[in-house]
2 protein chains.
Amino acid sequence: MAATQTLDRTLTALADPTRRAILKRLSSGEARVTEVARPFSMSLNAISKHILVLERAKLVKRRKVGRDHFLSYRAEPLDAAAKWIDETRDFWASRLDTLEQLLRAEDAARK
Amino acid sequence: MAATQTLDRTLTALADPTRRAILKRLSSGEARVTEVARPFSMSLNAISKHILVLERAKLVKRRKVGRDHFLSYRAEPLDAAAKWIDETRDFWASRLDTLEQLLRAEDAARK
DNA sequence: AATATATTCAACCTTTTGGTTGAATGTATT
DNA sequence: AATACATTCAACCAAAAGGTTGAATATATT
């Protein structure tokens, strides 16, 4: 699978506050679906769907024990996301040609 | 505006590969809308909309000069995103460190 | 065996997203 | 003044997202 698609899934999963909250919850320990859902004011089904999105992004792993599904947090996909952000964010800091950019912008504006 | 909503906008903006490509392009210097659109195989209008999403997330700033709109990249919103990711990602790493320290301290006290 | 619990599946609904095309607006150029 | 260029606005469309409710499935408990 293309790396860009993996990144898409990761960032899409993170772009929703409910899913971020679920992840934070799981980052401090395993929990069952119902436990995860409890604090939220939406239906269990809605949470079940959010969990699916997180699973598809490999941010959550599921372990089934009888009727209980234990969910756990996986950090790995965050590495690629953090990497992309850092690369993009630091672009100018890591280059000293800010001056060149300014000049180019000025030049473009003139013509 | 709630911090969570700002983060939503940032991550939503980043979750699309076209928008990430636009950002990368702009991170190496200002460009006009048409210039930004050129490499893509979709309509100018589609790109115009993507730019709007990036602007709403404050990742792109617009400077109008006559009929030209110059777009520039802004890194600031990435800080919050990077922060959230790092906090979440490192959770167990830092916790295990603390636990290890506690155990080591206990051990030292015992002997 | 009957019932309760944990979870998903399925169907549905509304809003948002990501794209299209065609027209409008404002600014340069000739 | 006529025309070309840069950009957005508006209407439309299909697909996806995020939620709901009700039924189905599988496992525990009594």
Side-chain angles (χ1 to χ4, degrees), chain A residues 1-2 4-23 25-26 29-57 59-72 105 107-111, chain B residues 1-2 4-23 25-26 29-57 59-72:
Chain A
M1 182 175 24
T4 184
Q5 211 182 334
T6 304
L7 196 48
D8 281 4
R9 292 216 172 114
T10 306
L11 291 168
T12 300
L14 296 182
D16 181 279
T18 303
R19 286 192 293 262
R20 284 200 303 278
I22 294 175
L23 254 208
R25 164 68 177 83
L26 291 178
E30 254 195 355
R32 290 177 307 112
V33 174
T34 315
E35 282 164 14
V36 165
R38 189 152 33 228
F40 297 95
S41 59
M42 67 186 73
S43 75
L44 179 61
N45 276 6
I47 298 294
S48 180
K49 281 191 185 181
H50 279 302
I51 291 171
L52 247 153
V53 174
L54 290 166
E55 266 188 298
R56 219 185 26 172
L59 285 161
V60 160
K61 205 193 114 202
R62 185 187 301 255
R63 177 170 65 89
K64 298 182 191 173
V65 176
R67 63 184 172 180
D68 296 319
H69 295 200
F70 289 93
L71 307 170
S72 59
D107 193 46
R110 198 174 315 112
K111 76 157 171 318
Chain B
M1 180 175 25
T4 185
Q5 212 181 333
T6 304
L7 197 48
D8 283 3
R9 293 218 173 111
T10 305
L11 292 168
T12 299
L14 296 182
D16 182 278
T18 303
R19 286 192 294 263
R20 284 201 302 278
I22 294 175
L23 254 208
R25 164 68 176 83
L26 291 177
E30 253 194 357
R32 291 176 308 113
V33 174
T34 315
E35 282 165 13
V36 165
R38 189 152 33 229
F40 296 96
S41 59
M42 67 186 74
S43 75
L44 179 62
N45 276 6
I47 298 294
S48 179
K49 282 190 184 182
H50 279 303
I51 291 170
L52 248 153
V53 174
L54 289 166
E55 267 187 296
R56 219 184 26 171
L59 285 162
V60 161
K61 206 192 113 203
R62 185 186 301 254
R63 178 170 65 88
K64 298 182 191 173
V65 175
R67 64 185 171 179
D68 297 319
H69 296 201
F70 289 93
L71 307 171
S72 59

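Quick note on labels: first sequence line is chain A, next is B, and so on, each numbered from 1.
- Closest heavy-atom contact between A/Glu30 and A/Ser72: CG-CB, 3.8 Å.
- A/Ile47 has its CD1 atom 16 Å from the P atom of C/dA6, to the nearest Å.
- In terms of phosphate contacts, A/His69 brings no side-chain nitrogen or oxygen within less than 4.0 Å of OP1 or OP2 of C/dA6.
- The one candidate from A/Lys64, A/Arg63, A/Arg62 that meets the side-chain hydrogen bond (donor to acceptor under 3.5 Å, both in side chains) condition with A/His69 is A/Arg62.
- In this structure, A/Leu71 atom CG and C/dT8 atom C1' are separated by 13 Å, rounded to whole Å.
- Going from atom CZ of B/Arg32 over to atom P of C/dT27 covers 16 Å, rounded to whole Å.
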Worksheet item: What string of B, S and - do you get for nucleotides 18-30 of chain D, 5' to 3', if B is base contact, S is sugar-phosphate-only contact and - is no contact with any protein heavy atom under 4.0 Å?
Response: SBBBB----BS--

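- Whole-Å rounding puts the A/Arg63 CZ to C/dT7 C1' distance at 16 Å.
- Rounded to an integer number of Å, the gap from CG of A/Leu52 to P of D/dA17 is 12 Å.
- When all heavy atoms are compared, the tightest approach of A/Val36 to A/Ala31 is CG2-CB, 3.8 Å.
- Ion pair B/Glu35/B/Arg38 not flagged as a salt bridge, since none of the NZ, NE, NH1 or NH2 atoms sits closer than 4.0 Å to an Asp/Glu carboxylate oxygen.
- Panel note: side chain A/Arg19, backbone A/Thr12; a donor-acceptor pair is recorded below 3.5 Å.
- The minimum heavy-atom distance between B/Leu23 and B/Leu54, with the atom names listed, is CG-CD2, 4.0 Å.
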